[in-house]
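Data first, discussion second: the structure below is written as structure tokens.
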Protein chains: 2
Amino acid sequence: MAKKDKSRRTEILEKAAHLFHKRGYAATSIRDIAREMGMESASLYNHIKSKQEILQAFLIPLAKQYTKSIHEINTAPLTSIQKLERIIASQVRITIENTDGVSLIPNEWVHLDGDALSEFIEMRNEYEQVFKAIFKEAINDGFIRPVNIEIASFSILSTLRWLYSWYSKNKNINTLELEKELVTNLIGGLKT
Amino acid sequence: MAKKDKSRRTEILEKAAHLFHKRGYAATSIRDIAREMGMESASLYNHIKSKQEILQAFLIPLAKQYTKSIHEINTAPLTSIQKLERIIASQVRITIENTDGVSLIPNEWVHLDGDALSEFIEMRNEYEQVFKAIFKEAINDGFIRPVNIEIASFSILSTLRWLYSWYSKNKNINTLELEKELVTNLIGGLKT
DNA sequence: GTCTATAAGTCGATAGAC
DNA sequence: GTCTATCGACTTATAGAC
């Protein structure tokens, strides 16, 4: 019973994320999600609390996953340049595993309400701060040329942020090749 | 009279684009735009035809500007690598000149109606096609290493697509430095 | 757990007074 | 060119029958 409802809920969440991905959170109605499920909108509320809850169900766990991942990599016994490579690989994997969910990160977070909004922003800022710190370390260690840290970080994170969009249209690529190619393109050119 | 109305209309368009940038087209109401103008929503319709018209007033001219720019660069007497550098510089300039307008390109185009939607998609596809062709040329000419064209193009265009977001928070940067730094980061590492 | 019905509010856009 | 008033459609969410 609980098991069956859980998978039904998951089905709703997945269909909702897909619609949010295609048209955005604000332009997707509860009725749109219900139609996709083949039920009336009122029936959805037996599985979810609100439309807002769906958005939070994706963005908060994902933000935690990114934060946890970058901290694990940062505290591992790796060189700074190895850390950067691992971070890129990690982001590629999270994007491939949950493309629709990740698609909500760049823009739809603005529609989070209350505590979820501030929680998300805090985790996002922390992630970028750690990333930039590692990047700075890689410059100090002599792995990377002394480029503008703000611009270079933004540039790398932009590609990773947009990966969901590219991957949606190129799903048949080999994950390892994609990881390798991105590491080379994003970091290779910055090496000393 | 026509002159005064034109500047009033421009003011509305600019405020609308700014709101669309912050919250998205769907989540921004005509009443929100009116409030920003200090007038009632009904009064807006003396200056604009519809909410949709505002979106089109930004996206269609911008798409034309990008398309025109890449064609001018492509037909100029330049090497393929010089063309890529010029394209990056051109995108930086368009983004800085019209940050709110450019912010609508990555996601809000999905809310275009009818002919404007197909027009936009066609121009966008054309732009990417020309970009990739120049990129391929640069590989064939021996300027750039034989990387995966799809991934490398996507990576460069992602950074340029997200520039509006970064620039919104870092407006005090020197334009020329930004252009130079991005050319180095995005292309420097791909050179043979 | 799904349905019908509906509450209560917001949406884009128009009519018509001034 | 701005206002008040309003239309009709749509929004999220709930109540209660089955």
Side-chain angles (χ1 to χ4, degrees), chain A residues 1-59 104 108-117, chain B residues 1-59 104 108-117:
Chain A
M1 222 197 303
K3 200 173 177 182
K4 183 141 192 199
D5 182 61
K6 200 178 175 187
S7 79
R8 195 104 173 99
R9 181 182 150 91
T10 302
E11 202 188 335
I12 291 170
L13 294 183
E14 282 171 1
K15 286 206 157 67
H18 190 62
L19 290 173
F20 292 169
H21 176 180
K22 283 199 294 180
R23 304 271 306 163
Y25 175 78
T28 303
S29 72
I30 285 287
R31 281 173 181 79
D32 291 334
I33 302 166
R35 194 179 309 117
E36 204 75 13
M37 289 293 295
M39 51 168 64
E40 292 302 314
S41 62
S43 308
L44 280 180
Y45 289 91
N46 283 305
H47 307 281
I48 56 148
K49 213 184 94 241
S50 66
K51 185 182 164 185
Q52 170 71 204
E53 188 208 22
I54 303 176
L55 188 63
Q56 297 186 9
F58 283 95
L59 288 179
L104 308 177
E108 304 306 322
W109 64 268
V110 299
H111 298 113
L112 286 170
D113 284 345
D115 289 347
L117 178 60
Chain B
M1 219 197 306
K3 200 173 178 183
K4 183 144 192 195
D5 182 61
K6 200 176 173 186
S7 79
R8 196 104 172 97
R9 181 183 149 89
T10 303
E11 202 186 336
I12 292 169
L13 294 182
E14 283 170 0
K15 286 205 157 68
H18 190 62
L19 291 173
F20 292 169
H21 175 180
K22 282 199 295 182
R23 305 270 306 162
Y25 175 78
T28 302
S29 71
I30 284 287
R31 282 168 180 84
D32 291 334
I33 302 167
R35 194 180 308 118
E36 204 75 12
M37 288 293 295
M39 52 168 62
E40 292 301 316
S41 63
S43 309
L44 239 40
Y45 288 90
N46 283 305
H47 306 280
I48 56 149
K49 214 183 95 240
S50 66
K51 185 183 164 185
Q52 170 71 204
E53 189 208 21
I54 302 176
L55 188 63
Q56 296 187 8
F58 283 95
L59 287 179
L104 309 177
E108 305 306 322
W109 64 269
V110 300
H111 298 112
L112 286 170
D113 283 345
D115 288 348
L117 178 60

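A, B, ... follow the sequence lines: proteins, then strands. Residue 1 opens every chain. Quick caveat, the model's predicted, so the values are computed rather than measured.
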Mind calculating the distance between CD1 (A:Ile33) and C1' (D:dT11) to the nearest angstrom?
12 Å
Can you measure B:Lys51 atom NZ to C:dG12 atom P for me and round it to whole angstrom units?
4 Å
To the nearest angstrom, how far is B:Arg31 atom CZ from D:dC3 atom P?
14 Å
Would a 4.5 Å heavy-atom cut-off, applied to side chains only, mark A:Lys49 and A:Ile54 as touching?
no
In whole angstrom, give the distance that lies between atom CD1 of B:Ile30 and atom P of D:dC3.
15 Å
Could you check which of C:dT4, C:dA13, D:dA13 has an atom nearest any side-chain atom of B:Ser50?
C:dA13
Any side-chain heavy-atom pair from A:Trp109 and A:Leu55 closer than 4.5 angstrom?
no
Give the rounded distance in Å between these two atoms: CZ of B:Arg9 and P of D:dG1.
13 Å
Any chance you could measure B:Glu14, atom CD, to B:Ile33, atom CD1, to the nearest 0.5 Å?
13.0 Å
Which whole-number value in Å describes the distance from B:Ile48 CD1 to C:dG12 P?
10 Å
With the side chain counted from C-beta on, respond yes when A:Ile12 and A:Arg9 share a heavy-atom pair under 4.5 Å apart, and no when they do not.
no
Heavy atoms from C-beta onward define the side chain here; which of C:dC3, C:dG12, D:dG1 lies closest to that of A:Glu40?
C:dC3
Rounded distance [0.5 Å steps], CD in B:Glu11 versus CD in B:Glu36:
10.5 Å
Return the nearest nucleotide to the side chain of B:Met39; candidates are D:dC3, C:dA13, D:dA15.
D:dC3
Under 4.0 Å, counting only non-hydrogen atoms across every strand here, what does A:Ser29 touch: a base, just sugar-phosphate, or nothing?
sugar-phosphate
Nucleotide of D:dG1, C:dG1, C:dT4 approaching B:His47 most closely (side-chain heavy atoms):
D:dG1
I need the CD-C1' distance between B:Gln52 and C:dC11, as an integer number of Å.
15 Å
A:Asp32 CG to D:dC10 C1', straight-line distance once rounded to whole Å
11 Å
If you pin B:Ser43 and A:Tyr45 to their nearest nucleotides in DNA chain D, which one's is more 5'?
B:Ser43
